[in-house]
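Here's the structure we're looking at; comments come further down.
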Amino acid sequence: VKPEQVLRFWPVKLGHSARKWVVENVKFGELSDAEFRMNLKPDSLRDDVFDNEELQLEFSFKNAEVGFLSDLPPVKKGVGRGRLEGNRFSLDVESGEFSNWQISSGLVQIPRFKPDGETLVVRATGIGNVRDIVKTLSNSRLQLEKQYGLNIDAISGTGTANFELKRPIQKNVPDDATRFSVEGKVRDGGFKGLYGDLNLTKGNAVVKVDNDHIRLNGYGELLNTPVQFDWIDKFNDDGPERTTLKASGNVTPDLLNRYGVASRAYLTGDVFTRLDAKGVSITKLDRIDLDFDLTPNRLNFSELDWIKPTGQPAQAALKIRGGKGSQNTTLRMSAEGFNFEGALKTSDTGMIEGVRVNRLFLEDQVNIRGELLRTANGGLVIDVNGPFLNISPYLDGLMSSGEGTIPVFGDVKFLSRIDRLRLKDGLELTAVDLAADFQGPILQSFSLKGKSVQGGAIDFQLQEDAE
């Protein structure tokens, strides 16, 4: 049976808009097994509508093509069964293709023609490559790539999804009158360059998309570190917090080292971390909060002669504000007898280039503030001042001109102005100017100026021999 022959059994005035939509959007391909039944009464077609029992047309189809929105591709190679009744129409799809996805079941339905009817309902279940369906959505009114600068080619994985769409069968239907929803799952998903050169791999997530938002909730790996994540983007929100991303996981020292935090030298074990980020899009997150639970970890800051044992409570928090080139990053860390508050200077790639120390306090050891800056050749300049500093753990190494144990690596220049400096137990100076210059672990110069407790002036200079 030819498709146009079947449509002749659909009265022209019966659900006129619905009939017109089917004629324009459904190309049946091949039809067979058509059955037509009509049981009319004298008062049939009252108000230009039949009861469903009065008119029935059923048929099988294959190689059908069904379009439902102008900015989305049609379902192709459709196979299934169609049914026209007195006041409704439906296509039950057994298989088909949509944007390289395989459709395993589907429904195209006009639940009623009258009264107040002629609403199109489309449902489908399918499986395919995540990149293909995201590309299709990006080319639609959602404009994912254009709005976000989202690199769709960086996305990978296999997905399954249930799709539903409802819209009036009229011309010039406004976008907000078309309602859609997608719920699905992604397996073995990936996103290259999720943040800088950091890649998400082995992702498994639940996806929900509708007119108002997209949500991706699941887990994956960053540099072999398992993480859980929850991403929400509100399409109709033009504010600075349109996108939110929450994540948590045990972060490895390798991941921290990747961004200039030399944690491996100080930290034992993975760190449980929580991320709460907001921004105008997933690629432009400019409010990032990271909270670290360091209680299970052992911390060893040999430079400060301080060790935090495993199990002792300790917390750290990192806050990032602003985008690349204009970031303001603050860091706080606290433990028993220890407190650090400061700000990080980061490069355009997110690497740490320096630290502003608002407070570094270690009971009976350090109470200072200042700056630590990387130089162009990879060295370090430390410029600090404050009420108290104890250098007795390092004095023997300094006096042996680098042959003792000094925890310095690379080229380091140290400048300080300290109210009270402890040289060793029972020996302290006040109003101290202290400077030291290292090349590797070798001390090149050392200068100490201050006053003894008794008030006498002290000026001590040490210079590495030119040879």
Side-chain angles (χ1 to χ4, degrees), residues 69 72-73 75 95-106 122-165 179-235 242-251 255 273-279 281-285:
L69 282 179
L72 289 176
V75 173
S95 65
E97 293 181 2
F98 174 75
S99 186
N100 295 326
W101 273 45
Q102 297 301 311
I103 303 299
S104 58
S105 65
V122 178
R123 296 188 181 97
T125 299
I127 184 171
N129 188 294
V130 174
R131 185 187 298 117
D132 290 336
I133 199 67
V134 173
K135 175 69 76 173
T136 297
L137 293 175
S138 182
N139 291 334
S140 73
R141 64 201 66 190
L142 293 180
Q143 296 289 297
L144 298 178
E145 196 163 20
K146 182 178 180 180
Q147 285 198 45
Y148 296 122
L150 189 65
N151 182 12
I152 293 176
D153 290 334
I155 298 173
S156 61
T158 300
T160 58
N162 297 314
F163 173 85
E164 180 178 272
L165 177 143
R179 308 301 300 176
F180 74 92
S181 65
V182 180
E183 293 191 15
K185 295 181 179 180
V186 177
R187 301 191 309 275
D188 197 24
F191 195 121
K192 293 182 179 179
L194 177 65
Y195 186 80
D197 62 350
L198 201 60
N199 302 327
L200 176 69
T201 60
K202 300 181 181 179
N204 290 271
V206 175
V207 184
K208 294 184 179 180
V209 187
D210 59 26
N211 295 68
D212 302 317
H213 77 289
I214 180 172
R215 182 172 187 176
L216 194 64
N217 180 278
Y219 60 92
E221 290 188 4
L222 297 173
L223 281 182
N224 299 319
T225 299
V227 295
Q228 288 185 309
F229 56 85
D230 188 4
W231 167 47
I232 300 176
D233 188 282
K234 293 169 279 190
F235 296 138
R242 168 175 172 163
T243 296
T244 60
L245 175 64
K246 297 181 183 292
S248 62
N250 290 310
V251 176
L255 184 56
T273 305
R274 294 184 184 276
L275 165 72
D276 188 349
K278 299 177 175 66
S281 76
I282 190 62
T283 58
K284 296 180 180 178
L285 298 171

- Message: With rounding to the nearest 0.5 angstrom, report the NE2 to NZ distance, H213 to K208.
- Response: 7.5 Å
- Item | Listed partners of K185 passing salt bridge (charged side-chain N to carboxylate O under 4.0 Å, His left out), at least two apart | none
- Query: If you count the non-hydrogen atoms of other residues, nucleotides and ligands that lie under 6.0 Å from CZ in R131, is the total more than 12?
  - Reply: yes
- Item | Pair D212 + K234, salt bridge at N-O below 4.0 Å | no
- Can you tell me how far OG of S156 sits from NZ of K192, rounded to the nearest 0.5 angstrom? 7.5 Å
- Query: What residues form a salt bridge (charged side-chain N to carboxylate O under 4.0 Å, His left out) with D230, not counting sequence neighbours?
  - Reply: R215
- Task: Answer yes or no: is there a donor N or O on one side and an acceptor on the other, between the side chain of N211 and the main chain of F180, under 3.5 Å?
- Result: yes
- Note on the structure: The reported gap from CG in N204 to CD in E221 (rounded to nearest 0.5 angstrom) is 10.0 Å
- What's the shortest heavy-atom distance between P73 and T136, and which atoms? CD-CG2, 3.5 Å
- Task: Could you list the residues that satisfy side chain to side chain donor-acceptor pair (under 3.5 Å) with R187, not counting sequence neighbours?
- Result: none
- Please round to the nearest 0.5 Å and tell me the distance separating atom CG of L222 and atom CZ of F191. 12.0 Å
- Message: Tell me every residue that passes side chain to side chain donor-acceptor pair (under 3.5 Å) with N129, counting only those two or more places apart in sequence or in another chain.
- Response: none
- So which heavy atom on G159 is nearest to which on V130, and how close? N-CG2, 3.7 Å
- Message: Applying side chain to side chain donor-acceptor pair (under 3.5 Å), can you list everything that pairs with T201, at least two apart in sequence or on another chain?
- Response: none
- Item | Non-neighbouring partners of T273 that pass side chain to side chain donor-acceptor pair (under 3.5 Å), sequence neighbours left out | none
- Task: Take V182 and V207, measure what side chain to side chain contact (heavy atoms under 4.5 Å, CB included) needs, and give me the verdict at the end.
- Result: CA-CA 8 Å; V182 180; V207 184; 5.8 Å; no
- So which heavy atom on K246 is nearest to which on D276, and how close? NZ-OD2, 3.1 Å
- Query: How many angstroms lie between atom CZ of F229 and atom OG of S248, to the nearest 0.5 angstrom?
  - Reply: 11.0 Å
- Message: What's the separation between atom CG in D233 and atom OG1 in T243, rounded to the nearest 0.5 Å?
- Response: 3.5 Å
- Are any side-chain N or O atoms of T125 and backbone N or O atoms of S104, one a donor and one an acceptor, separated by less than 3.5 Å? no
- Might you point out which heavy atoms bring T225 and N250 nearest each other, and give the distance in Å? CG2-O, 2.7 Å
- More than 12 heavy atoms from other groups under 6.0 Å of CD on Q228: no
